[in-house]
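Input: a single structure, listed below in structure tokens.
Along the sequence shown, residues carry numbers from 1. All values below come from the heavy atoms of this structure, side chains included, with hydrogens, waters and symmetry mates left out.
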Amino acid sequence: MHVVAFAAARKAVLEEAGGVTAEGFPMTSCYVESLPAQITVPLVLSVHTAGGTDYEPRRFIVAKSPEGERVGLLEFAWQWPDNPGVPVKFRVFAHQLPITVYTAGVHTIGLYDDPDAVDAEFSFPLPVLRLNPLTGVPTN
């Protein structure tokens, strides 16, 4: 399985007719008013693979704090039948990942084949910044 796109968005919705509608993709940072905070991060994941492979994939999306601690986990799996006569199959997802943010800093969201794996198949950084309640300006 090959990842075409995997990142956070401000909003991501799976369309009934197929595909994803996303706003603010990729999301380059996230702001919270106070810490700790419980947030939900919309994610877009687009993948493809050769026909005749990956019929029942299972993956884990794991969010890690700047210190490397797991702060969010989402397991997902799907049936992926071949398309007769087509040598490649595609799939796109819009997931909602709940995360507990304890500190500001660069969090990492990764795609793993096992929830306890050390190395992600694919990952991206997500800076989480705290807003100053008086000025509305991000602080460290």
Side-chain angles (χ1 to χ4, degrees):
M1 185 176 76
H2 303 279
V3 175
V4 176
F6 177 56
R10 192 175 71 245
K11 180 180 178 183
V13 177
L14 187 63
E15 297 293 333
E16 284 186 36
V20 169
T21 298
E23 295 176 13
F25 177 84
M27 187 166 65
T28 58
S29 57
C30 178
Y31 300 96
V32 296
E33 292 182 5
S34 62
L35 293 168
Q38 181 70 34
I39 63 173
T40 300
V41 178
L43 301 170
V44 173
L45 172 63
S46 177
V47 294
H48 69 87
T49 194
T53 64
D54 293 319
Y55 290 107
E56 295 185 10
R58 177 175 306 283
R59 293 295 188 272
F60 299 85
I61 297 174
V62 179
K64 294 185 179 180
S65 71
E67 297 77 31
E69 297 175 1
R70 186 188 309 170
V71 293
L73 172 69
L74 175 69
E75 177 182 3
F76 67 104
W78 68 98
Q79 299 284 322
W80 207 359
D82 290 335
N83 296 318
V86 179
V88 179
K89 50 190 175 182
F90 295 87
R91 189 72 189 253
V92 65
F93 301 92
H95 290 297
Q96 306 296 315
L97 177 65
I99 300 175
T100 303
V101 177
Y102 295 101
T103 62
V106 179
H107 290 64
T108 303
I109 299 179
L111 183 65
Y112 296 83
D113 60 3
D114 182 276
D116 298 316
V118 175
D119 296 322
E121 292 179 62
F122 200 87
S123 67
F124 65 90
L126 181 63
V128 178
L129 307 168
R130 184 175 178 267
L131 290 174
N132 181 319
L134 300 175
T135 64
V137 176
T139 63
N140 290 339

[X] vs [Y] side-chain heavy atoms within contact, under 4.5 Å:
{"X": "H107", "Y": "I109", "result": "no"}
{"X": "I61", "Y": "F6", "result": "yes"}
{"X": "V47", "Y": "W80", "result": "yes"}
{"X": "H48", "Y": "R91", "result": "no"}

From [X] atom [atom1] to [Y] atom [atom2], the distance as rounded to the nearest 0.5 Å:
{"X": "E23", "Y": "R10", "atom1": "CD", "atom2": "CZ", "answer": "5.0 Å"}
{"X": "I99", "Y": "Q38", "atom1": "CD1", "atom2": "CD", "answer": "8.5 Å"}
{"X": "R59", "Y": "M1", "atom1": "CZ", "atom2": "CE", "answer": "3.5 Å"}
{"X": "T100", "Y": "L35", "atom1": "OG1", "atom2": "CG", "answer": "11.5 Å"}
{"X": "E56", "Y": "W78", "atom1": "CD", "atom2": "CH2", "answer": "11.0 Å"}
{"X": "N83", "Y": "F90", "atom1": "CG", "atom2": "CZ", "answer": "10.0 Å"}

Any donor and acceptor pair, going by atom type alone, linking the side chain of [X] with main-chain N or O of [Y] inside 3.5 Å?
{"X": "R70", "Y": "P115", "answer": "yes"}
{"X": "K89", "Y": "Y55", "answer": "no"}
{"X": "D114", "Y": "D116", "answer": "yes"}

With hydrophobic residues grouped by side-chain heavy-atom distances under 4.5 Å, do [X] and [Y] end up in a single group?
{"X": "F93", "Y": "F122", "value": "yes"}
{"X": "V71", "Y": "V41", "value": "yes"}
{"X": "L97", "Y": "I39", "value": "yes"}
{"X": "F76", "Y": "V62", "value": "no"}
{"X": "Y31", "Y": "V128", "value": "no"}

Specify the closest pair of heavy atoms between [X] and [Y], including all atoms of both residues, with the distance to one decimal.
{"X": "V101", "Y": "T103", "result": "CG1-O, 3.4 Å"}
{"X": "L126", "Y": "A8", "result": "CD1-CB, 4.5 Å"}
{"X": "A120", "Y": "G110", "result": "CB-CA, 4.2 Å"}
{"X": "A117", "Y": "Y112", "result": "O-CE2, 3.6 Å"}
{"X": "M27", "Y": "C30", "result": "CE-CB, 4.5 Å"}
{"X": "G19", "Y": "V92", "result": "CA-CG1, 3.6 Å"}

Might you confirm whether atom OH of Y102 has over 12 heavy atoms from other residues, nucleotides or ligands at distances under 6.0 Å? no

